[in-house]
A.B. asks: 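Pasting in a structure now, in structure tokens, and then I'll have a few things to ask.
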Amino acid sequence: MDLGPTSPTKPSWKGKSRAVNQEFVDLNPTITYRHILSQNLGVKDPLRVVALCDSDAFYAACEMNRLQVPPDTPLVVLQWESLIAVNYPARKYGISRMDKKKDALKRCPHLKVVHVATYKEGEAEPGYWDDVDTNTHKVSLDYYRRESMKIAALFREMLPGCEVEKASIDEAFIDFTKPVRDILLERYPYLATVPADAPYGIDSPLPPPPPVDWEGKGTVVPVHPPPPPPDPKPSSKEEDSEREGETEPQSPGASTSTTPLPTLDTDLHGEEDDTTTWHDVALSIASELMFKARQEVLKQLNYSTSAGVARNKFLAKLAASYRKPDGQSILRNAAIPNYLIPMPFQKIRFLGGKLGKAFAEQYDVSTVGDLLTISLDEMQSKFGEESVWVYEILRGIDRSEVKDKGTTLTKSMLASKNLPKPITKASEGYHWIRVLAAELALRLNDARKLSPNLWPKTIVLHARKGYEPGRSKQAPFPFTKDVTVDFIAAAGGKLWKELVGNTSTMKVSSVQLAFTGIGVSEAGQQTIEGFFGSKPPSKRSRDDVKEHPGEARAQEGIDRPAEVSKEDVDNQMEDPQARSRSGTDELSYTCPRCQKTIRPNAASSTTVQTEEECETVLTGLRLEHDDWHFAQDLVREEATSSGKRIIPGQTTQGSKPKKRRKETKGIEKFFTRK
DNA sequence: GTGGATGAG
DNA sequence: CGCTCATCCAC
């Protein structure tokens, strides 16, 4: 019986994916004074405690809060015709995601159905509308993102000393190791000093831990789970549809193997299984903290959550699914083997996809236990060196750290729109670009509230025509303090021109606009801002425009609207600060399509004081200009349709009278101004 | 820099 | 399921 580490202070396997360290295979490591007195053991800390906390039916919960409906109201969140979230009251009616709205309503006639917020036409902000239409609206998850950040912020506030890593919009990992150690030393002060007679000095084992009272700390996953009920029906084909967490994890449809399940190589035998360890004490303390934090989230923000507490991220995540909703589960080291062994490994994070399938097919197995017989060498020879992590995961080992990625974790921001009916007109393309730009502007500026110098270094436009995989085009995105919709749309518009052009026969079925390479601008900000502090002089004459013959100024024969300034946009593009710098330029609009900068004529721009008025004027400018484009499109359309046969798909093309876009709201706003 | 692959929900 | 979002990496 080799009780692992005798020299825990010497990480013999530094870093790389070397042989699995005995230290980590051991589920019951000897914990010494050095362990509890050390500060930076990181993932090697035998007292490490991690939790995963996720919000129950998050989108649905968000909507319930927003709409202030009673907690027991069955509610689903809709995205077009699909359900993307179903709250627990609604699940009682057998409603699941993937159901259609109609089916859901059939199951529960009084179901509350909420469609996600969408950007409508040119609205600057998403909203909840009655007339959602995938052809004219774009989904916005912004509200959920904000709520998600509130929760994360509350966790950080409630759990000082913890690392909090937002793992997704509704999940966060929390590393409790540090505060737990502090509390441990506080509650058991005798741990703080190595006894004079300790045989190995600071490397001596700690005295036996006190018993742990798990009451009120959550559900403790049993070390010896009750045996699975006798197989009622051999047809294991029956998928557990949408039970979600209701199923007993310890009996997941019986392993396919007929031979006795392999067991983990542990030192736990018989009665010793339930012996309390110091790690158990640590788990219980973390559970207390987690509980309080969750209570606070419920109290302050009214979000119900479920949490898992275990020795690492991977296990915490698994444990969290043990009881839902509003559950908290604790996975003791001693319970790991029997919890893991019957687990279908394809449920494990990162094994849910192609890789997991490869494993399943390679060995014709389905559970973690089945895979335990595969040696590391075997695994690596078939799946590469990298598969060590799989080998370890199967044994409850996960070295990944919980790191607070603060706010700058997000490396990219993408707004996309799939078009059920492919668009065929340039104006539509620019319209969507503007919508996507609005979303990006909102999100970037939002992120900047927390990290002012956030800077997406490149902007990418992706468009897919009909079938083809789709192509993308990118360009550097200059740092600007003031990131406006216009600015992004102008950049996007330019990319569009390069990517799609103005061909009237295009059929674009998806448009994506993204920021990538998001980071913090260090000295960059000052440099640029300072550099352009004095008015940018170089304004090109209109003649310079001709310098770029390649640019698809295709239908250029058409006259320009009077309002369009003579200024060249390339100027704008090369010197993005121009707009935000020069005072009067505040009142200008750059068309993403023709790349012209438009300003109100002197008469109308006289006294614009507030920011709102400014917006109003700009909106007016934009609409007016868009209308001009609209007219041009009409002309062009007639030209093409008269000369050429129309493609079948484009039925509405020539026949239907074109509907003039109207934004009464925006226009009204514009004209009701004094 | 482009574009594909993968994966989570 | 269909859609949206994010990351990574080969070329």
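Order of the sequence lines fixes the chain letters, A, B, ..., with proteins taken first and strands second; residue numbering starts at 1 for each chain. All of these numbers come straight from a predicted model, not from anything done at the bench.
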A.B. asks: Specify the separation, in whole Å, of atom CG of A:Leu141 and atom C1' of C:dC3.
C.D. replies: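 Atom CG in A:Leu141 sits about 10 Å away from atom C1' in C:dC3.
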A.B. asks: Which pairs, with at least one residue in residues 349-360 of chain A and sequence neighbours excluded, count as a salt bridge (Lys or Arg N to Asp or Glu O under 4.0 Å)?
C.D. replies: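 Listed by first then second residue: A:Lys357-A:Glu361.
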A.B. asks: Below 4.0 angstrom from OP1 or OP2 of C:dT4, is there any side-chain N or O of A:Asn418?
C.D. replies: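 Indeed, a polar side-chain atom of A:Asn418 lies that close.
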A.B. asks: Sequence neighbours excluded, which residues qualify as salt bridge (Lys or Arg N to Asp or Glu O under 4.0 Å) partners of A:Lys382?
C.D. replies: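 Salt bridge (Lys or Arg N to Asp or Glu O under 4.0 Å) list for A:Lys382, sorted by chain: A:Glu378.
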A.B. asks: Rounded to whole Å, how long is the line connecting atom CG of A:Leu414 with atom P of B:dT2?
C.D. replies: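 These atoms are roughly 16 Å apart.
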A.B. asks: Determine: side-chain N/O of A:Thr458 to OP1/OP2 of B:dG1, distance under 4.0 Å, yes or no.
C.D. replies: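 False: A:Thr458 side-chain N/O out of range (4.0 Å or more) of B:dG1 OP1/OP2.
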A.B. asks: Can you tell me the distance, in whole Å, between the CG atom of A:Leu513 and the P atom of C:dT4?
C.D. replies: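 Rounding to the nearest Å, CG of A:Leu513 and P of C:dT4 are 15 Å apart.
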A.B. asks: Which nucleotides of nucleotides 3-9 of chain B have their base under 4.0 Å from a protein heavy atom (B), which only their sugar-phosphate (S), and which neither (-), written as one string 5' to 3'?
C.D. replies: SS-SSSS
A.B. asks: Kindly say if A:Arg443 contacts the phosphate of C:dT4, meaning a side-chain N or O under 4.0 Å from OP1 or OP2.
C.D. replies: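 Result: no.
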A.B. asks: For A:Lys138, answer base if it contacts any base atom (sugar-phosphate contacts may also be present), sugar-phosphate if it contacts only those atoms, and nothing otherwise; contact means non-hydrogen atoms under 4.0 Å.
C.D. replies: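 Counting heavy atoms under 4.0 Å across all strands, the contact made by A:Lys138 is with sugar-phosphate only.
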A.B. asks: Residues in side-chain hydrogen bond (donor to acceptor under 3.5 Å, both in side chains) with A:Ser416, at least two apart?
C.D. replies: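 Once residues adjacent in sequence are excluded, A:Ser416 has no partner under the side-chain hydrogen bond (donor to acceptor under 3.5 Å, both in side chains) criterion.
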A.B. asks: side-chain hydrogen bond (donor to acceptor under 3.5 Å, both in side chains) with A:Gln328: which residues, sequence neighbours excluded?
C.D. replies: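 Scan of A:Gln328 (side-chain hydrogen bond (donor to acceptor under 3.5 Å, both in side chains), adjacent residues dropped) gives A:Arg294.
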A.B. asks: Send over the distance from A:Gln512 CD to C:dC5 C1', rounded to a whole Å.
C.D. replies: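 One finds 9 Å between C1' of C:dC5 and CD of A:Gln512, rounded.
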A.B. asks: For the pair made of CG in A:Leu419 and C1' in C:dC3, what is the distance, rounded to whole Å?
C.D. replies: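 Taking atom C1' of C:dC3 as the reference, CG of A:Leu419 is at 12 Å.
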A.B. asks: Got a sec, which residues hit side-chain hydrogen bond (donor to acceptor under 3.5 Å, both in side chains) with A:Arg48, two or more places apart in sequence or on another chain?
C.D. replies: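 Per chain and number, A:Arg48 pairs via side-chain hydrogen bond (donor to acceptor under 3.5 Å, both in side chains) with no residue.
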A.B. asks: Could you tell me whether the phosphate oxygens of C:dG2, OP1 or OP2, come under 4.0 Å of any side-chain nitrogen or oxygen in A:Lys417?
C.D. replies: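 For A:Lys417, the contact criterion (side-chain N or O under 4.0 Å from OP1 or OP2 of C:dG2) is not met.
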A.B. asks: Tell me whether A:Lys101 at atom NZ has more than 12 heavy atoms from other residues, nucleotides or ligands lying less than 6.0 Å away.
C.D. replies: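 Not buried by this count: 12 neighbours or fewer within 6.0 Å.
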A.B. asks: Distance check needed: C:dC3 P versus A:Asp99 CG, whole Å only.
C.D. replies: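 Rounded to whole Å, this separation is 17 Å.
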A.B. asks: Working to the nearest 0.5 angstrom, can you tell me the gap between A:Trp455 CH2 and A:Thr480 OG1?
C.D. replies: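 Between atom CH2 of A:Trp455 and atom OG1 of A:Thr480 there are 9.5 Å.
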A.B. asks: In this structure, how many angstroms lie between the P atom of C:dT7 and the NZ atom of A:Lys411, rounded?
C.D. replies: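 Spelled out: NZ on A:Lys411 to P on C:dT7 is 6 Å.
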A.B. asks: Given atom OH of A:Tyr143 and atom P of C:dC5, what is their separation to the nearest angstrom?
C.D. replies: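 Whole-Å distance recorded here is 18 Å.
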